[in-house]
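For reference, the structure is listed below as structure tokens.
As the structure is a prediction and not an experimental result, all values here were calculated from the model. Order of listing sets the numbers, starting from 1, for every ligand and every atom in it.
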Amino acid sequence: MGLTIAQKIIKAHLLEGEMVAGKEIALRIDQTLTQDATGTMAYLEFEAIGLPRVRTELSVAYIDHNTLQSGFENADDHRYIQSVAKKYGIRFSRPGNGICHQVHLERFGIPGKTLIGSDSHTPTGGGIGMLAFGAGGLDVAVAMGGGAYYITMPKMIKVNLPGKLSPWVSAKDVSLEILRILSVKGGVGSIIEWGGEGIATLSVPERATITNMGTELGATTSIFPSDEITREFLKAQGREADYVPLCSDADAVYDRVIDIDLSKLEPLLACPHSPDNIKSASSLKGTKVDQVCIGSCTNSSLRDMLRVAAILKGKKIADSVSLSVSPGSRQVLSMLSECGALADMVDAGARVLECACGPCIGMGFSPNSAGVSLRTFNRNFEGRSGTRDAGVYLVSPEVAAASALTGYITDPRELGEYPEIVMPEAFKINDSAVLMPASAEEAKALEVLRGPNIKPYPDTHPLADEITANLTLKVGDNITTDHIMPAGAKILPYRSNIPHMSQFCFGVCDENFAENAKKAGQSIVVGGENYGQGSSREHAALVPLYLGVRAVLAKSFARIHAANLINAGILPLTFENPADYDKLDKDDSLALVNVFEGIKTGKITLLNKTKSLEIPVLCSFTERQQSILRAGGLLSFTRDGE
Ligand code: MIC
Ligand code: SF4
């Protein structure tokens with residue numbers, strides 16, 4: 001039987017397990033990346049594992065999330081990461097050099113290699129034919145130490161793209177269309193492979209826009225073949241030697257095949273507050289817009305920016321609109337400035353922000369009260385922008401630029417002729433903002449520089465056979481890790497300070513949660529479907545651990561968050577009968593009994609002491625996961641054994 005692209009890469013990296021959907025497999029990881037908001041914790045964990053150097057082919061530490069430096073905290077964390085990188089053999093991409101996924105695609109991504117990153121949008125690398133996964137910081141720390149990365153072998157979904165995009169329609173609209181078809185949980189447990197004749201018309205950064213937003217589908221990852229387009233991109237980046245062709249076999253078998261005719265697509269938007277709430281730009285025509293933000297790891301390539309500049313050139317944005325532009329990398333910014341496109345944007349009224357995540361993670365540029373913000377980003381979760389009652393719409397650069405000009409949601413096709421852009425044959429290469437690590441010999445004498453913002457890893461707890469706990473919070477479907485542990489300018493600087501962060505835990509759902517959980521001592525949280533979707537932040541597990549959460553009982557879980565809970569020693573459990581969700585209420589007194597036996601058999605009894613009820617709950621842990629849970633989490637398991 002033929003193999004899909006992903007299966008070929010998995011086969012070449014398989015350390016344990018069988019390539020059978022649903023079974024656990026262990027993969028050898030070639031490259032890792034971290035960003036600063038998750039990186040500080042990942043490097044603290046790497047240090048705790050106690051190895052002298054990383055053992056990957058390449059590891060890169062990016063600084064792109066926390067760049068406001070509104071106090072000493074971020075600057076200290078940057079200095080910590082820089083010193084760790086130098087000592088342990090990791091390249092360090094300085095603040096201002098760009099967003100991790102964009103820079104990695106430009107300078108380091110290699111077709112056919114495996115990559116894990118402590119950021120959920122690491123699958124962006126699939127645009128260049130990498131098998132790239134978002135993971136918790138601890139999984140990345142283990143991979144840096146040469147350890148395997150464990151996943152459940154995914155199913156394979158093929159999306160065929162016949163046709164060619166019409167003028168004013170772009171890769172973002174493909175991402176929004178697949179979200180319309182599959183929803184935010186439609187990709188769970190699957191790898192999405194893109195193919196069909198239309199992909200020959202999509203450049204690597206356009207493909208990367210599509211693999212980037214595969215994360216919003218809940219997919220394990222997404223990937224494009226590596227073909228002549230990939231070679232051209234690598235050549236233009238001065239890296240043709242990294243090119244390897246890669247495609248699926250003609251008789252590869254897919255669990256599901258979806259066709260999206262590119263020529264039939266129209267400009268789309270994801271409406272508040274979910275990336276799968278899709279409507280056409282024409283149907284929303286006339287909605288007043290207060291703010292437009294262009295950038296993020298989804299749409300900040302040179303091509304995207306040149307397109308925006310061409311649309312804005314010689315015009316002026318509407319008086320009522322505030323427009324921000326954040327180029328994805330220093331390479332993009334420098335090339336925009338050299339060719340004059342930056343001036344076209346600035347002259348039209350754009351505010352140019354740093355090459356960083358910025359408004360995407362609520363680091364500044366929050367919308368006005370009840371404001372309408374059009375963003376070329378990938379997430380529009382409630383409150384993420386920093387303004388609780390803002391309405392954030394996810395759009396293509398074309399819809400963003402057109403609407404910035406008119407002040408209303410605008411179908412860009414109304415602007416007439418689609419401005420041509422000319423892509424340069426070669427990108428401008430200047431890697432001086434990526435600092436090389438010290439040699440192994442020099443590294444021995446180097447000190448790691450820690451600031452007072454770095455607080456210890458929370459206490460872990462070996463598993464108990466009986467867990468008595470209070471139900472401190474009950475939430476609904478599609479709870480994101482932004483709900484569990486919000487980000488934004490006020491909280492993000494404290495990613496290495498779990499005690500400080502804990503006061504904001506679940507603040508969007510219940511502002512008294514942290515206090516109640518502390519009072520309860522031990523607690524259980526109850527959730528609906530797709531619990532923990534979104535960001536890979538392990539803080540959404542570590543902070544609940546610190547607050548005494550011992551188990552989360554939900555209808556279903558998102559992949560990375562479930563792994564992070566296990567890594568933190570918290571039990572992710574599901575309902576045997578989803579209707580039992582209704583038999584649990586906040587403040588019920590609960591107990592999980594015969595837990596040791598239950599994690600082996602896959603069934604545990606939950607006693608609701610308040611209502612005198614027995615509720616059967618399910619779990620599905622591999623032997624490795626059972627050992628991790630018994631040890632009280634992956635860190636103690638890796639460091640001390642069971
Ligand atoms: C995000 O887009 O939500 C983030 C911020 O990049 C996160 C990582 C984090 O929370 O630090 C992600 O996607 O994993
Ligand atoms: Fe940064 Fe936003 Fe991309 Fe996350 S989604 S990596 S915050 S740009």
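- Looking at Arg450 and Glu47, a side-chain N of the basic residue comes within less than 4.0 Å of a carboxylate O on the acidic one, giving a salt bridge.
- Between Tyr149 and Phe133, the angle of the ring planes lies from 30° to 60°, which puts this pair in the tilted group.
- Screening the protein for N, O or S atoms under 2.8 Å from atom 2 (Fe) of ligand 2 yields 1; no waters enter the count.
- The residues Asp431 and Arg107 are annotated as salt-bridged, a charged nitrogen and a carboxylate oxygen being separated by less than 4.0 angstrom.
- No side-chain heavy atom of Val321 sits less than 4.5 Å from a side-chain heavy atom of Gln291.
- In this pair, Tyr531 and Phe557 present their aromatic rings perpendicular. The plane angle is above 60°, beyond the 30 to 60° band.
- Open room surrounds CD on Glu511; 12 or fewer heavy atoms of other groups in view lie less than 6.0 Å from it.
- Heavy-atom proximity to Asp119, at under 4.0 Å, picks out these atoms of ligand 2: 6 (S).
- Residue pairs meeting the salt bridge (Lys or Arg N to Asp or Glu O under 4.0 Å) criterion with at least one partner in residues 527-539, sequence neighbours excluded, are Asp482-Arg537.
- Checked against Ser496 for a side-chain hydrogen bond (donor to acceptor under 3.5 Å, both in side chains), the options Asp77, Asp76, Thr40 give a single hit: Asp77.
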Which atom pairs, one a donor and one an acceptor, fall under 3.5 Å between side chains of residues 124-131 and the rest of the protein, sequence neighbours left out?
{"residue": "Thr124", "atom": "OG1", "partner": "His121", "partner atom": "O", "Å": "2.4"}
{"residue": "Thr124", "atom": "OG1", "partner": "Asn212", "partner atom": "ND2", "Å": "3.1"}

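- Val434 is listed as a side-chain neighbour of Asn97, based on a closest heavy-atom distance under 4.5 Å.
- Closer than 4.0 angstrom to ligand 1 lie heavy atoms from Gln35, Ala37, Thr38, His65, Asp119, Ser120, His121, Ile361, Arg379, Arg384, Arg495, Ser535, Ser536, Arg537.
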